[in-house]
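What follows is a set of notes on a single structure, which appears directly below.
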Amino acid sequence: MKLYAPKYYKKFHCIADRCEHSCCIGWEIDIDRDTFEKYKALKHEYASSITDSISAEGTPHFCLTKDDRCPHLDERGLCNIITNVGEDYLCDICREHPRFYNYTSVAEVGIGMSCPEAARIILSSSDDAEIVEIGEVDVAPDSIDFDGRAERSEIYAILQNTAYDYSTALDKIYRKYSIEAGEDNRWLEILDSLEYLDPDHKALLMNYSSSCRPEGADEFLKRFLSYLLYRHCTEAFDADDFCDRLSFCLFCERLFASLLCSEGAESLREIATLASIISEEIEYSEENTLALLQ
Ligand code: SF4
């Protein structure tokens, strides 16, 4: 079926050793079956360094070092698997990160905001709501009763309508889908109950206040919301599910606004860092996403 992506998608390239936040630290990386077999069959002086670093318990995965780093990440932030045996020997997760895929009647790919380079690209691209065909994938289309892509297009049309300023557009979206922002105290209770990778991030997110919105940051907020809608709404199985997902995206948008305001973020780098923190702590944790959706 056809594969679509946001127009900015092709701008992304991993900046590896120039990245201030390696995705090879803090996350246990599962190895897909084909790559695992490829590692076992590899004839190279680096082969035993790879196989010795894998735990085959449950899903095969690289065992992190004591300081939570991927064992193949060197001091310069480069991947020893790539430098020794080449990119063809990366497992699926490492090759694809930070890309994500959604499958409905078509396939959609995007870049995840937890990567700061992806966040900078998304937040600095004015074509945030332009989705273009980029190829085909060998996956059968899902038969779907609900068209989340069409619904998302309607929201994009509201956000892109130059007759409305951003707060008017947001207001129209809340009303069209009968979404209420909810009490801050209730959201804070949920934020307090989540699992965090970094306790400093929890402290940051616990400053949430829906009344705290930054001035002059509407474009960044709109692009952040467009990204979330792209990623989370299309796989909705019916209208209620779509509203729940939309409500989740709107909460994340308020959380982002609140963080920009409380942290006084102004430069693209500062703003992208905060977007990455929300993405990493919330979107990239199934449990946390679920807790907020519920
Ligand atoms: S976080 Fe992004 S830019 Fe940084 S190393 Fe990972 S994929 Fe590359």
Side-chain angles (χ1 to χ4, degrees), residues 3 5-32 35 46 49-50 53-54 61-65 67-102 108-125 128 134 195-198 200-201 204-205 220 223-224 226-228 230-232 252 256 259 263 265 267-286 288-289:
L3 177 65
K7 210 166 170 194
Y8 55 70
Y9 172 76
K10 290 203 168 168
K11 291 186 201 163
F12 177 76
H13 297 284
C14 170
I15 55 170
D17 54 329
R18 289 181 290 119
C19 181
E20 73 273 31
H21 172 77
S22 174
C23 50
C24 313
I25 300 172
W27 279 328
E28 207 162 65
I29 298 152
D30 288 345
I31 304 162
D32 53 283
T35 310
Y46 194 67
S49 302
I50 297 179
S53 70
I54 295 172
H61 57 274
F62 292 119
C63 302
L64 298 182
T65 62
D67 47 0
D68 260 6
R69 294 166 68 89
C70 170
H72 303 287
L73 180 67
D74 76 10
E75 331 60 63
R76 297 164 297 165
L78 293 174
C79 171
N80 278 328
I81 295 183
I82 298 182
T83 45
N84 281 288
V85 290
E87 273 189 45
D88 284 352
Y89 280 86
L90 287 179
C91 59
D92 285 354
I93 287 183
C94 295
R95 187 175 43 253
E96 289 289 349
H97 185 80
R99 293 167 191 84
F100 61 86
Y101 292 84
N102 286 330
E108 292 188 333
V109 60
I111 45 175
M113 195 73 94
S114 71
C115 159
E117 178 64 3
R120 285 189 285 270
I121 290 171
I122 297 166
L123 296 172
S124 59
S125 298
D128 53 301
I134 60 163
E195 296 276 337
Y196 291 87
L197 294 168
D198 181 337
D200 290 346
H201 293 168
L204 207 59
L205 268 52
F220 293 120
R223 291 168 192 168
F224 184 73
S226 296
Y227 155 81
L228 292 167
Y230 180 77
R231 181 165 190 165
H232 295 284
C252 290
F256 185 41
L259 243 61
E263 294 306 296
S267 68
L268 175 63
R269 199 177 180 84
E270 291 166 342
I271 291 169
T273 300
L274 294 173
S276 288
I277 290 172
I278 294 177
S279 173
E280 182 182 35
E281 296 290 1
I282 291 180
E283 276 195 301
Y284 274 75
S285 158
E286 240 172 80
N288 289 352
T289 299

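Atoms within a ligand are numbered from 1 in the order they appear, just like the ligands themselves. The chain is numbered in sequence order, starting from 1.
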Taking [Y]'s backbone N and O only, do any of them form a donor-acceptor pair with [X]'s side chain (distance below 3.5 Å, no angle check)?
{"X": "Asp30", "Y": "Ile93", "answer": "no"}
{"X": "Ser53", "Y": "Ile50", "answer": "yes"}
{"X": "Thr273", "Y": "Arg269", "answer": "yes"}
{"X": "Glu281", "Y": "Asp198", "answer": "yes"}
{"X": "Thr65", "Y": "Arg69", "answer": "yes"}

Check your understanding: Is it true that some N/O/S atom of Cys23, main chain or side chain, lies under 2.8 Å from atom 6 (Fe) of ligand 1?
Key ->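 Short answer: yes, at least one N, O or S atom is under the cut-off.
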
Exercise for review: Determine, using ring centers only, whether Tyr46 and His72 are less than 6.0 Å apart.
Suggested key: yes

Among protein heavy atoms, which lies nearest [atom], and at what distance?
{"atom": "atom 2 (Fe) of ligand 1", "answer": "Cys115 SG, 2.4 Å"}
{"atom": "atom 8 (Fe) of ligand 1", "answer": "Cys14 SG, 2.4 Å"}
{"atom": "atom 4 (Fe) of ligand 1", "answer": "Cys19 SG, 2.3 Å"}

Any atoms of ligand 1 less than 4.0 Å from a non-hydrogen atom of [X]? List them with their elements.
{"X": "Ile15", "value": "3 (S), 8 (Fe)"}
{"X": "Pro116", "value": "1 (S)"}
{"X": "His21", "value": "1 (S), 4 (Fe)"}

